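Only one structure is covered here, and it is reproduced in the block below.
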There are 2 protein chains.
Amino acid sequence: MTRPKSPVRLEWVDPAVCSTDYRLKIIGRLPFFKHLPPAAISKINNLFHDVDVPADERIYHEGDEAAYLHLVAMGKVKLVRNAESGREVLLDILHGGDYFGSFSTLSGRAHTETAIAQTDSCILRISSRDFDGILADHPDVTRKVLDAVSRRLTESQEIVKQLSAYTVEQRIASALMRLASKLGESRGEGVLIQLPFSRQDLAAMTGSTTETVSRVMSRFADEGWVKTGRKWVTILDMKKLEELISKPYR
Amino acid sequence: MTRPKSPVRLEWVDPAVCSTDYRLKIIGRLPFFKHLPPAAISKINNLFHDVDVPADERIYHEGDEAAYLHLVAMGKVKLVRNAESGREVLLDILHGGDYFGSFSTLSGRAHTETAIAQTDSCILRISSRDFDGILADHPDVTRKVLDAVSRRLTESQEIVKQLSAYTVEQRIASALMRLASKLGESRGEGVLIQLPFSRQDLAAMTGSTTETVSRVMSRFADEGWVKTGRKWVTILDMKKLEELISKPYR
DNA sequence: AAAACTGTATGACCCAGATCAATTAACTGC
DNA sequence: GCAGTTAATTGATCTGGGTCATACAGTTTT
């Protein structure tokens, strides 16, 4: 049996997406801002600057001065921390509408993680100073931001739990499900995840290695739960993966 | 050689500490509120209710409706997540002035972690609804809360990195240093950590087991870096522990 | 279409750390 | 001070998953 050809069709990142016209639409749709009147959104829009970033390029590096808040307008961005040992830890994968970077000049001077474009991306950024101004002008925006950060904290704590108490197999199943619900696309036969992301990325998400991830994915494929290829995965049987996680492992 | 007797002297939790008089002082010293005028603090004070919690008692449980924001007035509180396997994961240990619980009626209905008193404690709590009111009245408080949550997110991501990329030995050394800087007391010979916390707790913080923690601690003690006993540790040589962490492990 | 990459798969081996079991030390209450 | 309880230690053994090495398949380039 021959391996399935790649079903990956990446979204075409039109440079025009970052034009002033489109930006207004994107910013106006963000959870932080969408409740604001058009006049306010337009004013906020003027504070943002756009940057086109090709795939695999660093947007900022751990330790860099944290001068901007960033928004993903188009494309995918991964947040990474590098351990002294050289091992790379993947903290999160972001897509359209997600924020990253620092919120304020107060909360810290340096970025604590590295941001890398996973695909060609269009990033909007605003200086921390200007964003502070928005927060001061719009208390309700501050509330929404607080909610967003709280949610991300909860997610991070869930990862801590998984790294502490799950087997690699369970962590991989869990990571697949998270990615599917966040970035997956429903296809006839299942949910396609086409970030694109490699075994390497999945290993960095689960505190494991490429080889082990590859082995586990082969097992999943043999069971008929997933179909995999180069930098993509289709989940065929979500329920089985879920069972794997909830199963008390002794 | 006989083992050193416990140097642990727990702070005496006077029930009076939670009296209205003392509460005003405690709340007025909190980073969230200390910049506010006395009148505002007094008003906020009236929204808080105090609860005395004996050691080892649950304050709330994972899954419970998240109706309150809590503050530690006196004592120590640990935040825990339980994995399906039964393993307990220790997310954080809090002390005087720290917040826990949920910030708002918006950000989620249920607690995602369990809070347990580590010592006899006095907890102040405010309903999420009332706290929402404070946030609405005082935008600057919202900003400070946002900063606090952001900081905690950064800490959580650091833990994720450590669980992904460090050896158990490194994670234990790192946990000891974190505890020392947060909750340690300088003594002549070193920094005493007397939460009290057991090998069990340290294992739950580092994603390990009591036995392994015990072995590692024995090694540290043999090297003369720490002195340990039942539920306490004195760190004698911080530098050596630090070296252990920064050492790229291959 | 052949060559050159680069990501994936798999086999063989090994070790950090989990698990199981038993002993000892420290604290608690009488 | 003694008995009872709970935490800590230490030993023996086992294994999940890391490491190293090699082969293979899919894209991309020429």
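Protein chains get the first letters and strands the later ones, always in sequence-line order, with residue 1 at the start of each. Remember, predicted model here, so these are calculated numbers, not experimental data.
Picking from C:dG17, D:dA8, D:dT19 the nucleotide with the shortest atom distance to the side chain of B:Thr167 gives C:dG17. Closest approach to the A:Lys231 side chain among C:dT8, C:dA18, C:dC27 is made by C:dT8 (side chain taken as heavy atoms from C-beta onward).
One atom, CZ of A:Arg171, and another, C1' of D:dG18, lie 12 Å apart when rounded to the nearest Å. At whole-Å resolution of the value, CZ in A:Phe220 and P in C:dT10 are 15 Å apart. Atom pair A:Lys227:NZ and C:dA9:P shows a separation of 15 Å (rounding to whole Å applied). Atom CZ in B:Phe197 sits roughly 17 Å away from atom C1' in C:dC27 (whole-Å rounding). Here C:dA25 presents its C1' atom at 13 Å from CH2 of B:Trp232, a figure rounded to the nearest Å. Note: CD (B:Gln200) to P (C:dT19) measures 12 Å, nearest angstrom. As rounded to whole Å, 14 Å separates atom C1' of C:dG7 from atom CG of A:Leu202. In this structure, A:Arg199 atom CZ and C:dT10 atom P are separated by 11 Å, rounded to whole Å.
With no hydrogens or angles considered, a side-chain donor-acceptor pair links A:Ser174 and A:Gln162 at under 3.5 Å. A:Glu113 and A:Tyr60 are linked by a side-chain donor-acceptor pair at a separation below 3.5 angstrom, with hydrogens and angles left out of the test.
No contact: B:Thr210 has no heavy atom under 4.0 Å from any strand.
Nearest heavy-atom pair across A:Lys231 and A:Ser198 is CE-CB, 4.2 Å.
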**Prompt:** How does DNA chain D look in dot-bracket notation if pairs are Watson-Crick or G-U with both distances under 3.5 Å, crossing ones as [ ], other-strand ones as |?
**Reply:** ||||||||||||||||||||||||||||||
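A side-chain hydrogen bond (donor to acceptor under 3.5 Å, both in side chains) with A:Arg199 is found for one member of A:Thr210, A:Thr228, A:Thr212 and no other, namely A:Thr228.
The phosphate of D:dT6 has neither OP1 nor OP2 within less than 4.0 Å of any side-chain N or O from B:Ser198.
A salt bridge links B:Asp92 with B:Lys182: the closest approach of a Lys/Arg side-chain nitrogen to an acidic carboxylate oxygen falls below 4.0 angstrom.
Interface residues of residues 211-219 of chain B facing DNA chain D, ordered by number: B:Glu211, B:Ser214, B:Arg215, B:Ser218; criterion, heavy-atom separation under 4.0 Å.
More than 12 non-hydrogen atoms from other residues, nucleotides or ligands lie less than 6.0 angstrom from CD of B:Glu223.
The closest side-chain heavy-atom distance from A:Thr234 to A:Leu192 is below 4.5 Å.
Note that CG of B:Leu153 is 7.5 Å distant from OG1 of A:Thr112, once rounded to the nearest 0.5 Å.
Side chain of B:Glu57 to main chain of B:Pro54: no donor-acceptor pair is present (N/O by atom type, distance under 3.5 Å, no hydrogens or angles). In this structure, A:Glu169 contributes its side chain and A:Val216 its backbone to no donor-acceptor pair below 3.5 Å.
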Under-3.5 Å N/O pairs linking protein and nucleotides 2-5 of chain D:
none

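Remark: B:Arg125 qualifies as a cation-pi partner of B:Tyr68 under the 6.0 Å distance and 45° angle criteria applied to the six-membered ring. By the 6.0 Å and 45° rule, A:Arg152 stacks over the aromatic ring of A:Tyr99.
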